[in-house]
Amino acid sequence: MPDSHRRVYAAIAAIPPGRVASYGAIAARAGLPGRARLVGHLLGQTPDGMRLPWHRVLRASGHVALAPGSAGFRAQCRLLRAEGVEVKNGRVALWRFGLDADLDRELWGLPAE
DNA sequence: GCTTTGACGTATG
DNA sequence: TCATACGCCAAAG
């Protein structure tokens, strides 16, 4: 297991429950800016024994990355809603649940809602 | 090795 | 909001 992969897994595992992060944010946090596709690739190759909060990883647009209607898509929506994250039409409001939004609030004092 | 694919991202129109 | 183009790079064939 390459070190870069471990950092990606660690970054995903660090997402707090009830919050979400984009592939790009995970890659950047893992020290791999611009390697968002690597994150997606790893999630598809994640070993069975590894229990990761993969459902908290979304596209930069806030959309669920999996095909709408697929089993994985439904599972992700269910897991997210179970944590209090609103999923509307396969999309999450990043300005509200994203980690970046949290940081922005602290920096600029933007309203939480 | 080269080509194709893919749970992606940003820029443009 | 949707489509297209381009950049990115690990795996699979």
Side-chain angles (χ1 to χ4, degrees):
Chain A
M1 161 95 65
D3 189 66
S4 58
H5 292 201
R6 278 208 313 278
R7 289 201 299 274
V8 170
Y9 290 130
I12 296 174
I15 306 173
R19 309 308 294 271
V20 298
S22 69
Y23 288 84
I26 294 299
R29 194 186 169 101
L32 303 167
R35 272 64 158 185
R37 300 197 75 139
L38 174 61
V39 177
H41 182 77
L42 287 179
L43 283 180
Q45 290 296 144
T46 306
D48 298 336
M50 187 170 281
R51 299 183 309 288
L52 285 173
W54 59 272
H55 54 282
R56 295 177 196 146
V57 186
L58 309 172
R59 282 192 165 191
S61 61
H63 280 101
V64 171
L66 289 80
S70 67
F73 175 90
R74 290 194 299 274
Q76 183 163 13
C77 291
R78 180 175 56 75
L79 288 167
L80 286 173
R81 282 193 274 254
E83 294 184 346
V85 176
E86 288 179 37
V87 183
K88 186 137 175 106
N89 290 107
R91 183 167 55 182
V92 169
L94 292 181
W95 54 269
R96 210 167 141 191
F97 300 101
L99 294 177
D100 291 342
D102 193 39
L103 181 59
D104 289 348
R105 270 204 301 280
E106 292 188 35
L107 291 178
W108 300 308
L110 297 177
E113 318 194 22

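Order of the sequence lines sets the chain letters (A, B, ...), proteins ahead of strands, with each chain counted from 1. Here the structure is a predicted model, which is why all the values come from computation and not from measurement.
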Pick base, sugar-phosphate or nothing for A/G44, based on heavy-atom distances below 4.0 Å to the nucleic acid.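 Since a base atom lies under 4.0 Å of A/G44, the category is base.
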First and last nucleotide of DNA chain B touching chain A, 5' to 3', heavy-atom cut-off 4.0 Å?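 Terminal contacting nucleotides, 5' to 3': B/dG6 to B/dT10.
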Can you name the nearest heavy-atom pair linking [X] to [Y], along with the distance?
| X | Y | value |
| --- | --- | --- |
| A/G72 | A/W54 | O-CH2, 3.9 Å |
| A/A27 | A/A36 | CB-N, 4.0 Å |
| A/L94 | A/R59 | CD1-O, 4.0 Å |
| A/S22 | A/V57 | C-CG1, 4.4 Å |

Review item, nucleotides 1-5 of chain C N/O atoms under 3.5 Å of protein N/O:
| unit_1 | atom_1 | unit_2 | atom_2 | d |
| --- | --- | --- | --- | --- |
| C/dT1 | OP2 | A/R91 | NH1 | 3.1 |

Are [X] and [Y] packed together at the side-chain level, in the sense that at least one heavy-atom pair is separated by less than 4.5 angstrom?
| X | Y | answer |
| --- | --- | --- |
| A/N89 | A/P68 | no |
| A/V39 | A/L32 | no |
| A/L58 | A/V64 | yes |
| A/L42 | A/I12 | no |

Between A/R74 (side chain only) and A/G69 (backbone N and O only), is there a donor and an acceptor less than 3.5 Å apart? yes
List, with names and distances, any nitrogen or oxygen atoms from the protein found under 3.5 Å away from nitrogen or oxygen atoms belonging to nucleotides 7-11 of chain C.
| unit_1 | atom_1 | unit_2 | atom_2 | d |
| --- | --- | --- | --- | --- |
| C/dC9 | OP1 | A/R35 | NE | 3.3 |
| C/dC9 | OP1 | A/R35 | NH2 | 2.6 |
| C/dA11 | O4' | A/H41 | NE2 | 3.3 |

Using atom P in both nucleotides, what's the gap between B/dA7 and C/dC6 to the nearest angstrom? 22 Å
Using 0.5 Å steps for rounding, measure from the CZ atom of A/F97 to the CZ atom of A/R56.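 Between A/F97 CZ and A/R56 CZ, I get 13.5 Å after rounding to 0.5 Å.
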